[in-house]
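Throughout, numbering of the chain's residues begins at 1 and tracks the sequence.
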Amino acid sequence: MTNGDSADATIGVHRALATAARQVYRHPLPMVAVSVGWVLASIPLVTIGPATLGAYRAVRSVREDGRIDRGAVRETLAAHWLDAVLFSGLLVVFPAIAVLYLGQYAATGAPLSGVLGAVGFYLTYHAWVVFALAFVSLADGADAVDAVTGGYRWSVENPVATVLVGIVTATLLIASAVLTIALPLVFPALAAAFHTELFAENRNASDGDETEATVSPERSVSGGGRRNDFSTTFGR
């Protein structure tokens, strides 16, 4: 990755965070409702996945309409609640493996256990970023396979942004925990909005690349006149 790509990734993450913060500031009541709803719905623990999916869909509706679209949230949960449960279960597997191997390393001092534990924590970090974006894709209407593969592809193509996403999310969690009341009232919605905006940034960039790739060949073949611009725009 070039320095320009790294700079673009950093700018994209910062822009997504700033936009998410503005969303919380402009729509405090629905965003607080999202956060509190997520906390309450996650109390049984096994419901964390569906609660997270519902929060992402609710944040998306606030982003688009300025309010929570309960019907859209219900439809998304009805279509993908099982996928959300599986996602949350997989997110527990990686840290469990890492803790197991590190426990063995502490007890036996075996280097292999220490290495496997460190690898487990790296996989945990990577998986959490991938599945965060996968939840955004599920809320956007994608199926489970496309959601996971899309999140993984993005993480591989944007390694700097992947690191920054985890760091920023962890920083938001710590800052909210320090403020105490902000943890249940602000953090869930802010984190969901941040990930949603990041996905939107990536999608807009991809759409722009596709548009440029489509327009350029038309102009190279037909010339640069007004008729060509009109034909390119309206497909004639």
Side-chain angles (χ1 to χ4, degrees), residues 34-61 70 72-106 113-159 161-163 165-170 172-174 176-177 183-184 187-196 198-199 202:
V34 170
S35 294
V36 174
W38 181 86
V39 171
L40 295 177
S42 299
I43 289 176
L45 296 183
V46 295
T47 58
I48 288 178
T52 301
L53 176 60
Y56 278 108
R57 186 60 185 88
V59 164
R60 179 168 176 257
S61 66
R70 297 181 181 180
V73 173
R74 285 194 296 267
E75 291 176 3
T76 300
L77 289 174
H80 297 295
W81 69 270
L82 182 57
D83 297 328
V85 171
L86 294 175
F87 284 8
S88 60
L90 290 173
L91 288 175
V92 174
V93 170
F94 292 108
I97 293 175
V99 170
L100 176 64
Y101 278 114
L102 289 179
Q104 290 182 350
Y105 175 73
S113 296
V115 171
L116 292 176
V119 171
F121 271 111
Y122 168 76
L123 292 176
T124 297
Y125 179 90
H126 196 173
W128 282 0
V129 174
V130 169
F131 279 102
L133 297 179
F135 273 115
V136 176
S137 295
L138 280 185
D140 204 32
D143 61 40
V145 175
D146 288 342
V148 175
T149 55
Y152 176 76
R153 187 182 306 113
W154 184 90
S155 69
V156 172
E157 294 174 352
N158 302 275
T162 299
V163 173
V165 169
I167 292 174
V168 171
T169 304
L172 293 176
L173 175 62
I174 294 171
S176 299
L183 186 59
F187 172 73
L190 180 57
F194 169 52
H195 299 153
T196 299
L198 189 68
F199 180 83
N202 180 64

Atom of D146, atom of T149 and distance for their closest heavy-atom approach: O-OG1, 3.2 Å
Student check: side-chain heavy atoms of L53 and W81 closer than 4.5 Å: no
Atom pair CD (E75) and NE2 (H80), whose distance is rounded to the nearest 0.5 Å: 10.5 Å
Non-hydrogen side-chain atoms of W154 and T162 separated by less than 4.5 Å: yes
Spacing of F199 atom CZ and Y56 atom OH [to the nearest 0.5 Å]: 12.0 Å
Side chain proximity check, V115 to Y105, heavy atoms < 4.5 angstrom: no
Smallest separation among heavy atoms of A139 and R57, with atom names: O-CD, 3.2 Å
Spacing of CG belonging to L77 relative to CG belonging to L82, to within rounding of 0.5 Å: 12.5 Å
V136 side chain near R60 side chain, heavy-atom distance below 4.5 Å: no
Working for side-chain contact (heavy atoms from CB on, under 4.5 Å), residues L173 and T169: CA-CA 6 Å; L173 175 62; T169 304; 5.8 Å; no
N/O donor-acceptor pair under 3.5 Å between H126 side chain and Y122 backbone: no
Side chains of V36 and P184 in contact at under 4.5 Å (non-hydrogen atoms): no
L138 to T76 - nearest heavy-atom pair and separation: O-CG2, 4.1 Å
Non-hydrogen side-chain atoms of V46 and V85 separated by less than 4.5 Å: no
Exam field: side chain T47 to backbone I43, donor-acceptor pair closer than 3.5 Å: no
Residue list, side chain to side chain donor-acceptor pair (under 3.5 Å) with T52, at least two apart or on another chain: W38
Parallel, tilted or perpendicular, as decided by the 30° and 60° cut-offs, for the rings of F135 and F87: perpendicular
Over 12 non-hydrogen atoms of neighbours within 6.0 angstrom of CZ in F187: yes
Beyond-backbone contact of V163 with Y125, side-chain heavy atoms, under 4.5 angstrom: yes
Closest heavy-atom pair and its distance - A41, A51: CB-CB, 3.7 Å
Closest approach of G114 to L102 (non-hydrogen atoms, all atoms of both residues): O-CD2, 4.2 Å
Spatial distance of atom OG (S155) from atom CZ (F131) [nearest 0.5 Å]: 11.0 Å
Interatomic spacing from CG in L86 to CG in L91 - rounded to 0.5 Å: 11.0 Å
Taking every non-hydrogen atom, the tightest pair across L183 and P188: O-CD, 3.2 Å
